[in-house]
Amino acid sequence: MGDRARRRRLGPLAGLVVAVVVAAGCMGGGLDQGEPQQPAPRESGRSEPEARTTRADGTTSVAEFKQDFEDAVALAEKYWTAQFRASGERFRPIRRVVPYSRAGEVSCGGQALPRNNAVYCSAGDFIAYDVNWSVSAFREIGDAFLFYLLGHEYAHGVQVRLGIRYDFTIQQELQADCMAGAYLGDSVRSGALRLADGDLDEFREGLLAVGDDPDQPWFAEGAHGTAEQRSEKFFSGYENSLKACDLG
């Protein structure tokens, strides 16, 4: 993704950060209810994104993080709007993207969100994320994985719009991984997003770090899938588009 072709490899610290990213991140994967409470929610950008090239030049400023995050949101909105339009449906973008910096600053269904978290909250129709933790992950891991993280949470919003509700968390989560892969793969194929050398490795290595413990039962509440399952689903969507994601 961009001029940052000479990308940092994921080290042990990066793997730890990513493991926190998604293992703690979904809070029920879009099944929680509620409106955000402080801070006042910030509307996500609606400007038409240009073809994005993620910047792998080592610049890791907060300004760059903010721009990349806004680009990821705009790209997701553009992608899902086109997918719904192709099916003769109108897509309603997720209402808000809410940054927060302290535990309890935002709540979902009366449940205060902790630090080191990202979540889609369905009744309030918003994505909330700990901005300090997200910036740290961005600096350790890189911009490509940031697009995955947003794509995964956005996919939960799409699941709600399609009325998809599985019996087990792992089914919801693996489908969201596949949908995130489709959003990114299709955006690359359309020219809306350009990958640089190392970006696919960043996705692959990052996904290997976010899996559940292999001994965790697949039916456990909050299960997301093993590293192998998550990677398989993401790249199945990335390579084969939404037809790989069991959307019916």
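It should be emphasised that the depicted structure is a prediction, and the values quoted were computed from it without experimental measurement. Scope of the values below: all heavy atoms of this structure, side chains included, with no hydrogens, waters or symmetry mates.
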Can the ring centroids of Phe203 and Phe234 be said to lie less than 6.0 angstrom from one another? yes

Is there side-chain contact between Phe126 and Val97, with at least one heavy-atom pair below 4.5 Å? no

Worked verdict on Leu184 versus Phe147 for side-chain contact (heavy atoms from CB on, under 4.5 Å): CA-CA 8 Å; Leu184 288 165; Phe147 276 70; 3.8 Å; yes

Quick one: OG1 on Thr226 to CD on Gln216, what's the gap to the nearest 0.5 Å? 10.5 Å

Contact check, side chains of Arg115 and Trp133, non-hydrogen atoms, under 4.5 Å: no

Heavy-atom side-chain proximity of His224 to Arg230 below 4.5 angstrom: yes

When you measure from the side chain of Arg90 to the backbone of Phe84, do you find a donor-acceptor pair of N or O atoms at a distance under 3.5 Å? no

Closer than 3.5 angstrom, by distance alone: can the side chain of Ser107 be matched with the main-chain N or O of Gly110 as a donor-acceptor pair? no

What is the minimum heavy-atom distance between Gly109 and Cys121, and which atoms define it? N-SG, 4.4 Å

Gln171: what forms a side-chain contact (heavy atoms from CB on, under 4.5 Å) with it, not counting sequence neighbours? Tyr166, Asp167, Phe168

Could you check whether any side-chain heavy atom of Ile94 comes within less than 4.5 Å of a side-chain heavy atom of His156, counting everything from C-beta outward? no

Kindly list each side-chain donor-acceptor pair under 3.5 angstrom involving residues 241-248, sequence neighbours excluded, with atom names and distances?
residue, atom, partner, partner atom, Å
Ser241, OG, Asp186, OD1, 3.2
Ser241, OG, Asp186, OD2, 2.6
Lys243, NZ, Asn240, O, 2.8

Gap separating the OH atom of Tyr120 from the CD1 atom of Ile127, nearest 0.5 angstrom: 8.0 Å

Of the non-hydrogen atoms in Leu200 and Phe235, which two are nearest, and what is the gap between them? O-CZ, 4.0 Å

List the atom of Ala180, the atom of Gly151, and the distance in Å for their closest heavy-atom pair. CB-C, 3.7 Å

Determine, for Glu70 against Lys66, whether the closest basic-nitrogen to carboxylate-oxygen distance falls under 4.0 angstrom. yes

Spell out, as yes or no, whether a donor-acceptor pair under 3.5 Å connects the side chain of Ser187 to the backbone of Tyr183. yes

If we only count heavy atoms from C-beta on, is the Gln229 to Leu174 side-chain gap below 4.5 Å? yes

Under a 3.5 Å distance rule, please check whether Tyr100 uses its side chain to pair with a backbone N or O of Pro114 as donor and acceptor. yes

Check this for me: Arg189, atom CZ, are more than 12 non-hydrogen atoms of other residues, nucleotides or ligands nearer than 6.0 Å? yes

What residues form a side-chain contact (heavy atoms from CB on, under 4.5 Å) with Val131, not counting sequence neighbours? Phe65, Pro99, Ser101, Tyr129, Val135

Considering only heavy atoms from C-beta outward, does the side chain of Glu77 approach that of Tyr154 to under 4.5 Å? yes

Where do Asp130 and Asn132 come nearest, in terms of heavy atoms and distance? OD1-N, 3.0 Å

Could you grab the distance from atom NZ of Lys233 to atom CE of Met179, nearest 0.5 Å is fine? 12.5 Å

Is a side-chain donor or acceptor of Gln159 paired with a backbone partner of Ile164 at a separation under 3.5 angstrom? no

Would a distance-only check, ignoring hydrogens and angles, find a side-chain to backbone donor-acceptor pair under 3.5 Å from Asp125 to Arg95? yes

In the structure I gave you, are the side-chain heavy atoms of Leu150 and Val73 within less than 4.5 Å of one another anywhere? yes

What verdict does the side-chain hydrogen bond (donor to acceptor under 3.5 Å, both in side chains) test give for Glu173 and His152, after you've listed the backbone C-alpha separation in whole Å, the side-chain angles of each residue and the deciding distance to 0.1 Å? CA-CA 8 Å; Glu173 297 301 334; His152 177 94; 2.9 Å; yes

